[in-house]
Amino acid sequence: MPAYDPHEIESRWQRYWEENRTFRATEDSAKPKIYVLDMFPYPSGEGLHVGHPEGYSATDMYCRYQRMRGRNVLHPMGYDAFGLPAEQYAIETGTHPAVTTEKNISNIRRQIKQLGFSYDWDREFSTTDAEYVRWTQWIFLLLFDTWFDPDCEWTDPAGRRRRGKGRPIAELPIPAPVAARGEDEVRRYRDSFRLAYQAESPVNWCSALGTVLADEEVINGRSERGNHPVERVLLRQWNLRITAYADRLVEDLETLDWPAAIKEMQKNWVGRSEGAEVDFHIGAEDDFDRWRRSRARSGFPEAPGPDTLRVYTTRPDTLFGATYMVLAPEHPLVDRVTAEERRAEIAEYRARTAAMSEEDRVAGRGEKTGVFTGGYATNPVNGNRIPVWIADYVLSSYGTGAIMAVPAHDQRDLEFARRFGLPVRAVVTPPADWLKLAQGKGGAALTADTYPERVGELPEAYAGEGPGMQSANDEISLDGVPTAEAKPAITAWLARGGLGRAAAKTRLRDWLFSRQRYWGEPIPILHELDSAGNPNGLIRAVGLEELPVLLPEMEDFKPTGKPGGPLEKAVAWIRVTRDGKEYLRETNTMPQWAGSCWYYLRFCDPRNSERPWDPEKERYWMPVDLYVGGAEHAVLHLLYSRFWHKVLFDRGHVSTMEPFKKLVNQGMILSVTYRNSEGRIVPYRQIRFEEGKAFDAETGAELTGETEKMSKSRGNVIPVDVPIQRYGSDTTRLYEMFMGPLESTKPWSMQGVEGVSRFLNRSWRMIVDEESDALRLNERVRPGAAPDREELRVLHKTIQAVTQDMESLSFNTAISRLMEFVNFFTGRKERPLECMESFVLMLAPMAPHIAEEMWRALGHEQSLAYAPWPSFEPKYTEESVVDVPVQVNGKVRGRIQVDAQATREQMEQAALGDPRIRKHLEGTTVRKVIAIPGKLVNIVAG
RNA sequence: GCGAAAGUGGCGGAAUUGGCAGACGCGCUGGACUUAGGAUCCAGUCCCGCAAGGGGUGGGGGUUCAACUCCCCCCUUUCGCACCA
């Protein structure tokens, strides 16, 4: 041997680690823990491409480094194996998804294992394992058993006073009138408060997939998976009350060490806004005064009542500018306000919008449509009668599903008003520069004085803040009052009259949790049947001791296109009797996100058959200290699991409020797609690389390469097996990191891989004797030799830099440092053994197989997995004489050698004395000299 | 449209607090060793220029002795959201 033979070395060491269970993690209160987690993969049939192991490589390097620093490391791996793709594939091929899932997992496990990651494989599991499903269902039932008490005050672990907490449903106060109506009513009342609840609401129905989808799974009116059209359908579905946790989900972001962009996205997704709810009277005109007086007495009611239209606005200060109202077409009061002669037209518009797909609705945005109902509302601030319209630009699912339209100060309202000739009334004074800009866009001679008259001609609404105008009644005036003060003033006035109140809304909707699909966890709920055998609307949870509820074996698991989903066809499975009563099982399943919502907790105690995890182990390992994965999960998985975690926290099952302390998103790895002059994609096998250019091996034509996202259709997917087979795992891992910063998007280059491969070969030859058949040291490596000054300086500078880089996950620069080290020491006649040992230890987290082998060559019997990380001595990196650049007017003109401790004056003297500098200063006057000790000298002359 | 991030050689990318721009690698050029080189080693490689010298971190301005780094304006790219009242 031994020329460097990665495959032999790698398979041998992987076997060694596996047989010795080198990376098994056990709780040890004497050692500081660190929990490092990868977002576990979905085992697809295609297996892993070179993009997948990027994050895994980073976490593995970090974990191996931390073990050498003496930390107790938890680093597990598993599979998120329920979900649509496996099921779609199963349907296409007729194979049961359990079979394909098992096959895909084996393949991915093989791929991951051959990269030599230091996972504790004893903790491996799949979300589809019956034992895991059991506890996923257990958590669902915990959600079902919990209600959110918005008034509950408590102190969080950081000592802050908090408001709003999940509590056991048994603690929900039952109002006397409900209790008086009997046990069934109490059950229904409780059901309406649970965090897991059924509700009939407009949902995203995707007929191609035969299931409903969560808002987060719909992109521009199409399904995220498969890009199929999605429509809005009214269906009874399971929801999780994530909106109850909206405030806490936003507030607690502050405590997290996450990328600012991801926090921002979550904040935007929750979309919390503050404003006011305002009631408009829609009854007879002469009834308005009576209505107002009764409101002044009763105050603002929880529910608006029959002759009232409730709106939500973030700009209550513009109430005097409301010139019309708009209801969502689906709003329940549409019938009530519609005048007889308008019914046909209104019905037609409602039918048209209902039939529209989400995609069409998104596409039709901008071109406002709507119909006048013939009805009127009375503006509570001034008694003005204003028309009520319906239009699809108002969403039924946000706020109250109705708005007051202020066209002067809202762009959407203005577009609508201009289209239908509705009046525009200015109530906020825009600043002068806005007026000037608006004037440039068409309005002539626009000033604060002429603005109210000309506001209807302007193409743009002024939506900003400013002093109020035309906004006064007998009791209150907002004229001249800045927006920030006007809002609370008018809200307080409304509240006094029982006409409105301050309110906050979120863009976030409750999480639509049921799917009409086969390959997911069954929802463990039973529907009670009446004596005639029909569901009576009462439900009960499956007993905890009965969990897991497993999927029935079925030949035909195709989507049915019906709300019941394919499980409805499992006739025998559905019917159950409990306590002498007949029930039907819930036939909907959970979405794919369910399993990934809590897997990080199960990893703390994955084989526990008594409970989801041992609280003591949870307290030891949690929270996850470093979580690495793709940014595509910014609002889906990461928001959902934070929500579940908070519920688990409220119910006392976890000790931390947040699951993931530090989050890092690895960047996407791009690939180059090569096309010929006709724009046709040429596959890799058929390409010849010469002189840095690419040629079609068949035609000889030059090809153009473009860096693009890897995708099957572009034919540019590089399976991870390709670089592993050609160069080995250590090279592959190393290149994954050497490409650039972990977080940035970067292109894969096969030539770049070659570079790191050369580096490992050079490292090998630096230490190992290539000529010898046995594993023997290179003759230049000298066991007894004491490193000289320069060698010590290079060594310790390397240790210092690499250590810093490992801490900050800057593996690309860490590798560069090691390359410099090798460049330096291969040029040495003698290589002191202790320098070589430190090098091998530093290389070990990144290229562990070759490092273990070289460690053995250096005479060690034990694996280096737990060998102490080299420590750096500042005394060796300090130089007594430093080489300092001298600038003249900011340009480097020479260098001087000065004592590292030299004072400003000494440096100045040396600089001015340097002959080259003197030449540059000829004929000029030195005006100023800046000397930074140990850094540089700058002479200002002129 | 709104929000966020980023623009540095032929390419991927380096540059603690403002202090030598281009570390390291790829590619390329020349050389050595070789039957051979897609192995290895040595040297060179930001641009213009024979050189002296000049220019240079998307563009324009500013602060400073000194700006990739800080401030203002603009351009481009990527990502996220997108009728959320």
Side-chain angles (χ1 to χ4, degrees), chain A residues 3 219-220 259-265 267-269 271-273 275 311-315 318 326 361-362 364-368 391-395 397-406 409-413 415-416 463 505-509 631-632 634-635 667-668 689-693 705 707 735 738-741 743-756 758-759 761-762 765 770 801 804 810 812-820 822-823 826-827 883-895 927-932 934-941:
Chain A
I219 294 163
N220 287 334
I262 300 289
K263 289 194 194 182
E264 198 58 33
M265 271 195 234
K267 219 178 273 178
N268 291 342
W269 191 263
R272 190 189 144 89
S273 71
V311 302
Y312 171 71
T313 176
T314 54
R315 291 297 297 271
T318 62
V326 186
R361 223 163 140 159
V362 170
R365 182 163 35 96
E367 192 54 21
K368 297 269 180 298
D392 68 355
Y393 84 90
V394 172
L395 310 174
S397 49
Y398 183 77
T400 60
I403 61 155
M404 61 173 205
V406 184
H409 305 294
D410 183 287
Q411 189 59 31
R412 295 154 301 181
D413 295 346
E415 282 164 23
F416 192 83
K505 301 281 175 205
T506 59
R507 210 194 71 119
L508 180 74
R509 315 280 152 80
E632 67 273 18
V635 286
M668 207 190 317
F689 292 97
E690 254 169 53
E691 293 170 358
K693 290 173 184 155
T707 306
Y735 180 65
F738 185 65
M739 273 187 279
E743 298 89 341
S744 37
T745 301
K746 40 205 177 283
W748 182 275
S749 143
M750 274 304 179
Q751 284 161 337
V753 188
E754 193 96 39
V756 256
R758 281 205 274 266
F759 161 65
N761 275 287
R762 277 161 63 83
R765 287 195 304 269
E770 263 200 309
Q804 230 167 63
S810 309
N812 55 330
T813 47
I815 295 164
S816 300
R817 296 296 188 166
L818 293 178
M819 286 174 168
E820 287 177 288
V822 170
N823 290 346
T826 45
D883 188 42
V884 161
V886 179
Q887 300 179 330
V888 176
N889 293 330
K891 285 255 151 213
V892 179
R893 296 299 184 189
R895 320 186 69 86
R927 297 187 196 283
K928 196 173 175 188
V929 180
I930 296 106
I932 313 290
K935 289 263 186 189
L936 99 173
V937 180
N938 188 11
I939 300 164
V940 187

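Proteins come first, then strands; the chains are lettered A, B, ... in the order of their sequence lines, and each starts at number 1.
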So, do [X] and [Y] sit near enough that their side-chain heavy atoms are less than 4.5 Å apart?
X         : Y         : answer
Leu936(A) : Val886(A) : no
Ile403(A) : Tyr393(A) : yes
Asn761(A) : Arg758(A) : no
Arg765(A) : Thr826(A) : no

Reckon [X] has a side-chain N or O less than 4.0 Å from the OP1 or OP2 of [N]?
X         : N      : result
Ser273(A) : A85(B) : yes
Arg758(A) : G38(B) : no
Lys928(A) : C65(B) : yes
Asn938(A) : G19(B) : no
Arg765(A) : A39(B) : no

* Under 3.5 Å, is there an N or O donor on one side and an acceptor on the other linking the side chain of Arg507(A) and the base of C81(B)? ->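 Checked by distance alone, the answer is no.
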* To do: Decide yes or no, distance alone: a donor-acceptor N/O pair under 3.5 angstrom between the base of C83(B) and the side-chain of Lys368(A).
  =>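 Looking at the base of C83(B), it does pair with a donor or acceptor on the side chain of Lys368(A) (distance under 3.5 Å).
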Take the protein atom [atom1] of [X] and the nucleotide atom [atom2] of [N], then report the distance between them rounded to whole Å.
X         : N      : atom1 : atom2 : result
Ile932(A) : U17(B) : CD1   : P     : 16 Å
Leu818(A) : A23(B) : CG    : P     : 18 Å
Gln751(A) : C28(B) : CD    : P     : 7 Å
Met265(A) : U78(B) : CE    : C1'   : 12 Å
Asp413(A) : A85(B) : CG    : P     : 12 Å
Glu820(A) : G22(B) : CD    : P     : 13 Å
Glu754(A) : C26(B) : CD    : C1'   : 10 Å
Met750(A) : C11(B) : CE    : C1'   : 17 Å

* To do: Take the angle between the ring planes of Tyr735(A) and Trp748(A) and call it parallel below 30°, perpendicular above 60°, tilted in between.
  =>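 Answer is perpendicular, since the angle exceeds 60°.
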Per [X] side chain, nearest of listed nucleotides [options]:
X         : options                : value
Phe738(A) : A21(B), C24(B), G19(B) : C24(B)
Pro741(A) : G19(B), C41(B), A14(B) : A14(B)
Pro747(A) : A85(B), G13(B), G19(B) : G13(B)
Lys746(A) : C24(B), A85(B), G12(B) : G12(B)
Asn268(A) : A85(B), A14(B), G3(B)  : G3(B)
Leu936(A) : G12(B), G19(B), A21(B) : G19(B)
Thr813(A) : A85(B), A15(B), C65(B) : A15(B)
Asp392(A) : A82(B), C83(B), G55(B) : C83(B)
Ser816(A) : G25(B), A23(B), A85(B) : A23(B)
Val394(A) : A85(B), C24(B), A39(B) : A85(B)

Taking any heavy-atom pair under 4.0 Å as a contact, classify [X]: base, sugar-phosphate, or nothing.
X         : result
Asn761(A) : nothing
Arg817(A) : nothing
Asn823(A) : sugar-phosphate
Ser749(A) : nothing
Ser397(A) : nothing
Arg509(A) : base

* **Residues Val753(A), Met750(A); criterion side-chain contact (heavy atoms from CB on, under 4.5 Å); working and verdict** => CA-CA 5 Å; Val753(A) 188; Met750(A) 274 304 179; 4.1 Å; yes
* Pairing partner of G27(B) (Watson-Crick or G-U wobble, both distances under 3.5 Å) -> U45(B)
* **Separation of the P atoms in C48(B) and G9(B), to the nearest angstrom** => 14 Å
* Expressed as a whole number of Å, how far does the P atom of G25(B) sit from that of U40(B)? -> 13 Å
* Does the side-chain contact (heavy atoms from CB on, under 4.5 Å) test come out yes or no for Met819(A) and Phe738(A), once each step is laid out? -> CA-CA 11 Å; Met819(A) 286 174 168; Phe738(A) 185 65; 3.8 Å; yes
* Syn/anti state of G37(B) by chi, 90° boundary around 0 -> anti
